[in-house]
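Only one structure is covered here, and it is reproduced in the block below.
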Number of protein chains: 2
Amino acid sequence: MSRTDEKTNWLNKTEMAAWISFIETIGDLQYSLDSDLRESCDMTSGDYQVLVYLSESLDRRTRMCDLAARLNLTPSGLTRRLDGLVKEGSVTREVSTKDRRVQLAVLTPQGHRKLVTAAPLHVASVRHRFIDRLTTEQMKHLTAAFTSIREGLSE
Amino acid sequence: MSRTDEKTNWLNKTEMAAWISFIETIGDLQYSLDSDLRESCDMTSGDYQVLVYLSESLDRRTRMCDLAARLNLTPSGLTRRLDGLVKEGSVTREVSTKDRRVQLAVLTPQGHRKLVTAAPLHVASVRHRFIDRLTTEQMKHLTAAFTSIREGLSE
DNA sequence: TCACAATAGTTGCGAACGCAACTAAATTAG
DNA sequence: CTAATTTAGTTGCGTTCGCAACTATTGTGA
């Protein structure tokens with residue numbers, strides 16, 4: 001590829017190092033975290049996220065559209081993800097009494113137990129793969145950096 | 001979720017901030033970069049990675065297994081990804097003369113032109129979404145942090 | 001009030017990709 | 001040299017999820 005193009009602002013060494021270290025790492029990290037959760041709890045990160053969000057919601061239930069927005073899923077993607085959780089008994093669907101268009105996803109006691117079992121294992125995994133590799137200073141730098149990136153994305 | 005469990009080492013405030021800022025950002029960032037590339041060049045990040053790797057390879061060709069390892073794809077995943085690139089004319093398959101088990105993925109002139117067109121646009125996107133949001137110091141901190149994480153993962 | 005628009009969710013279809021099973025070729029053991 | 005093993009790649013099948021089309025319900029403007 002030509003590096004003589006006068007208009008293109010190619011990445012310099014520092015920029016390239018940052019980009020490569022980031023992009024090469026996140027795939028492996030997500031894969032490791034997913035594998036840990038699947039092996040220890042037989043669940044996916046996606047399902048875990050659903051259970052966490054429901055457990056933190058009022059009455060342990062949420063509108064589908066709120067859940068979809070929170071998880072960056074399309075309506076159809078969320079419908080399918082919930083299908084799996086309903087089938088295994090972690091979640092039930094309920095029609096809202098206030099707006100009969102909305103389906104509420106409700107965390108069942110069984111789903112809550114599953115989350116209570118999974119959470120410590122998942123936290124241990126996050127620690128092992130991510131937190132333990134960083135100093136407190138690095139965590140603070142990283143928080144600032146990603147907050148800045150995130151703000152840029154939502155413009 | 002109970003926070004009174006004595007055995008679980010829950011994340012403290014700094015740790016949680018780092019983890020949340022990271023995990024909430026990477027999905028949006030990848031989505032934005034993918035969208036940019038799709039809109040400007042009608043291609044996916046995955047296809048772009050293939051073209052980059054081939055363009056950097058000797059004679060612009062690589063063994064499928066080497067490519068799969070580099071891209072963290074299974075053999076079947078790579079076969080399908082190449083199918084698309086072959087169909088659009090960016091890549092051809094060639095049987096190796098040294099080992100007739102191996103298929104070589106070969107970058108075509110058309111594929112190379114596509115990459116030459118896409119690269120400046122992709123770099124601009126990476127700059128806009130990622131590099132420009134960080135100071136030089138932040139980039140160096142980030143490189144150190146992710147290198148450390150990556151080393152941990154490969155143990 | 002009554003048509004029209006906006007919102008919530010589901011379904012059919014298709015794309016991407018992993019797993020397991022398979023073929024073919026090369027390597028190794030006896 | 002033959003048989004067993006290993007390696008490279010493809011294919012069938014299943015899973016996940018996005019897009020577009022659809023239904024049902026609610027909100028809105030004349």
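The figures that follow rest on heavy atoms only: side chains count, while hydrogens, waters and symmetry mates do not. Chain naming here is simple, since letters A, B, ... match the order of the sequence lines and numbering starts at 1 in each.
For the 3.5 Å distance criterion, the side chains of A:S21 and B:T147 fail to qualify, holding no donor opposite an acceptor. For the residue pair B:S90/B:E88, the side-chain donor-acceptor check at 3.5 Å is satisfied. In this structure, a donor-acceptor pair under 3.5 Å is absent between the side chains of A:T136 and B:T14.
Fit an axis to the five pairs at each end of the helix from C:dT1-D:dA30 to C:dG30-D:dC1 and the two axes sit 10° apart, to the nearest 10 degrees.
Under the 4.5 Å side-chain heavy-atom criterion for ILVMFWY residues, no single connected hydrophobic cluster contains both B:V52 and B:L104.
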Q | side chain to side chain contact (heavy atoms under 4.5 Å, CB included) between A:R80 and A:S76, worked out | A | CA-CA 6 Å; A:R80 269 65 173 262; A:S76 71; 3.8 Å; yes

Q: Report the C-alpha separation of B:D47 and B:R81 in whole Å, then their side-chain angles, then the decisive distance to 0.1 Å, and conclude whether the side chain to side chain contact (heavy atoms under 4.5 Å, CB included) test is met.
A: CA-CA 7 Å; B:D47 287 350; B:R81 186 177 290 180; 3.4 Å; yes

Q. A:C41 and A:L121: side chain to side chain contact (heavy atoms under 4.5 Å, CB included), yes or no, with the steps?
A. CA-CA 8 Å; A:C41 308; A:L121 296 166; 3.6 Å; yes

Q.
B:R70 vs A:E24, test: salt bridge (charged side-chain N to carboxylate O under 4.0 Å, His left out). Steps then yes/no.
A. CA-CA 10 Å; B:R70 185 66 178 69; A:E24 302 259 279; 3.5 Å; yes

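In the 5' to 3' direction, nucleotides of DNA chain D lying under 4.0 Å from heavy atoms of chain B begin and end at D:dT7 to D:dC13.
Of the listed residues (B:D28, B:D36, B:D34), just one forms a salt bridge (Lys or Arg N to Asp or Glu O under 4.0 Å) with B:R129, and that residue is B:D36.
If you measure from atom CG of A:L67 to atom P of C:dA8, you get 13 Å, rounded to the nearest angstrom. The interatomic distance linking B:K98 (NZ) with C:dT27 (P) rounds to 13 Å, in whole Å.
Using a 4.5 Å heavy-atom threshold, the side chains of A:E94 and A:Q103 count as separate.
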Within the sub-3.5 Å range, which N or O atoms of nucleotides 15-18 of chain C have a protein N or O partner, and how far apart are they?
unit_1: C:dC17; atom_1: OP1; unit_2: B:R81; atom_2: NH2; d: 2.7
unit_1: C:dG18; atom_1: OP2; unit_2: B:T74; atom_2: N; d: 3.2
unit_1: C:dG18; atom_1: OP2; unit_2: B:T74; atom_2: OG1; d: 2.6
unit_1: C:dG18; atom_1: N7; unit_2: B:S76; atom_2: OG; d: 3.4
unit_1: C:dG18; atom_1: O6; unit_2: B:R80; atom_2: NH1; d: 3.1

